[in-house]
Chemist: 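Could you have a look at this structure, given as structure tokens, before my questions?
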There are 2 protein chains.
Amino acid sequence: MLANQGSTAKIVRPTTLRESVLERILELIIIGSLKPGQHLVENELADNLGVSRQPVREALQLLSGEGWVDLRPGHGAYVHSPTVEEADQLLAVRTLLEAESARLAARNPDKSGVSTLRDICLRGLEACVADDVDAAVAANSELHTAVVNMSGNRVLADLTSQVARRVRWYHTPVARHRGKASWEEHAALIDAIEAGEEDVAADIMRRHTEHTRQSYLESRAQHPEVEPPAPIRRRRPRAVSS
Amino acid sequence: MLANQGSTAKIVRPTTLRESVLERILELIIIGSLKPGQHLVENELADNLGVSRQPVREALQLLSGEGWVDLRPGHGAYVHSPTVEEADQLLAVRTLLEAESARLAARNPDKSGVSTLRDICLRGLEACVADDVDAAVAANSELHTAVVNMSGNRVLADLTSQVARRVRWYHTPVARHRGKASWEEHAALIDAIEAGEEDVAADIMRRHTEHTRQSYLESRAQHPEVEPPAPIRRRRPRAVSS
DNA sequence: TTGTCGTCGACTGCCTACAGCATACATTCC
DNA sequence: GGAATGTATGCTGTAGGCAGTCGACGACAA
């Protein structure tokens, strides 16, 4: 009976076709089935997903709004081709946004919010010592989300989540968590928020996210598996015929 | 011959119908022809603009990505209804982003960029003493854009422009420029950027945008013309018949 | 061999049409 | 008289289809 009721009273949206198409395409991009720079032919996607072109088109329009695909009028949609430079800039912006979130969260910390943070932190640490990487990653993003929400600035929260989603794309080849040290930083952050020390909280968060940025860059330097920009192929190589 | 060549080598895009529809709808929203909370019926828009529903739908999808309209699956598109709280948050985020832009611009200031800034600043000041409000406003946004571009962080620039566009929406009822004082702040900002004084530049920009935020809030307090959320009407009141 | 032009194929952009759904009104029952 | 249900209507979501357009390939000429 409670199956469909999200804990946060999320609206049970009448999931339209274009929404599910959007999510499936997004998943294909994230797992790498659709490669950066690849031309997304509407008919192919429609056939593969078993729908008509229309919902595919609309899903692509929405995805372009989130920076996942680039629309070239008259040419169609291409999977956004990430560069190291862009990843760096994205992580820099994330640092900026999240540090401000931490500052605002510390400006008026509420009891329940802080205790939520502690719960998540505890879970993350447990997952960490249990070597459950997936759970640790989940707890990590959950904690960051919780902090942004505590900021009370919804615009900031939306923007951050938007940026964070794109960052996740770049995280794929990176080691996913930095172990116990990361959670100690988290704990310190929560302390600062609870104590209302704005500058300290912002600084911890800034250094924390800056750290992941650095490790991303290093990892990227070691594995420069950057794909060439975009081999634009509109026709597939003709099969031997005649 | 140079008619179509923008100064910044902008691509001459093969303007599609949905693009022009998007711009026309956006204009209608900005000038207030389409009011906050209003239900955007696709057929009506299509008829009024002389196109079919398809490009209208796609334009609405794109507009939703920029926060101008809200899509409710199964219900259609509604003009985003701005609240004072959201405006405040938006302006706060803009302050954050632009201050960082100024910091980055000051980190490595290039000669040509700085001279461009000075040109714009001069024009703005001239427009100001000539009491040409429109020109002053234009110069103002041009200058801010130039600073963001000098930051060298394209993600930051994109995000800022996105936020700034939405902020413009809230500026409508506000006094549009603060006169000479504003341009003196601009001049000081440019000096700081040229001298490479990151902290100073960031601080000037922060206070500068914070000032406009304060004046917005005050103006809003005096003219609390906030519309009621959204009187959702899907059928127009039936005409007296029979 | 290299540059230019014509042809062809494929894909996008747009239009029209239909089905499903949500809302508002009218009617009936308690 | 009030509430619940049936019915009508307008709108959205989706499908299918057609024309325009862009790029690639091949032929021809220099």
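Note that the coordinates shown come from a computational prediction; the quantities given were computed from them, not determined experimentally.
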Chemist: Could you walk me through whether Ser151(B) and Asn153(B) satisfy the side chain to side chain donor-acceptor pair (under 3.5 Å) test, starting with their C-alpha distance in whole Å, then the side-chain angles of each, then the deciding distance to 0.1 Å, before giving a yes or no?
Modeler: CA-CA 5 Å; Ser151(B) 75; Asn153(B) 187 326; 5.8 Å; no
Chemist: Check the phosphate of dT12(D) against His39(B), side-chain N and O only, distance under 4.0 Å to OP1 or OP2. Yes or no?
Modeler: yes
Chemist: Measure from CG on Asn43(B) to C1' on dG13(D) and round the result to the nearest Å.
Modeler: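 One finds 13 Å between C1' of dG13(D) and CG of Asn43(B), rounded.
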Chemist: Output all residues satisfying side-chain hydrogen bond (donor to acceptor under 3.5 Å, both in side chains) with Ser64(A), sequence neighbours left out; order by chain, then residue number.
Modeler: none
Chemist: Just jot down the side-chain contact (heavy atoms from CB on, under 4.5 Å) partners of Arg107(B), sequence neighbours excluded, or say none.
Modeler: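 Arg107(B) satisfies side-chain contact (heavy atoms from CB on, under 4.5 Å) with Arg103(B), Leu104(B), Glu198(B) only.
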Chemist: Mind listing the N/O atom pairs, protein and nucleotides 13-18 of chain C, below 3.5 Å?
Modeler:
unit_1, atom_1, unit_2, atom_2, d
dG13(C), OP1, Gly74(A), N, 2.8
dG13(C), OP2, Arg57(A), NH1, 3.0
dG13(C), OP2, Arg57(A), NH2, 3.4
dG13(C), N7, Arg53(A), NH2, 2.9
dG13(C), O6, Arg53(A), NH1, 2.9
dC14(C), OP1, Leu17(B), N, 2.5
dC15(C), OP2, Ser52(B), N, 3.1
dC15(C), OP2, Ser52(B), OG, 3.0

Chemist: Ala138(B): what forms a side-chain contact (heavy atoms from CB on, under 4.5 Å) with it, not counting sequence neighbours?
Modeler: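 Expected list: none.
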Chemist: Just call it for Leu40(B): base, sugar-phosphate, or nothing, with non-hydrogen atoms closer than 4.0 Å on any strand.
Modeler: sugar-phosphate
Chemist: Got a sec, which residues hit side-chain hydrogen bond (donor to acceptor under 3.5 Å, both in side chains) with Glu66(B), two or more places apart in sequence or on another chain?
Modeler: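 Counting only residues at least two positions away or on another chain, Glu66(B) forms a side-chain hydrogen bond (donor to acceptor under 3.5 Å, both in side chains) with Arg165(B).
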Chemist: Rounded to whole Å, please give me the gap between CG in Leu49(A) and C1' in dA15(D).
Modeler: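 Distance check: Leu49(A) CG to dA15(D) C1' gives 15 Å.
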Chemist: Please list all pairs meeting salt bridge (charged side-chain N to carboxylate O under 4.0 Å, His left out) that have one or both residues in residues 143-160 of chain A, counting only residues at least two apart or in different chains.
Modeler: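 Sorted result for residues 143-160 of chain A: Arg154(A)-Asp158(A).
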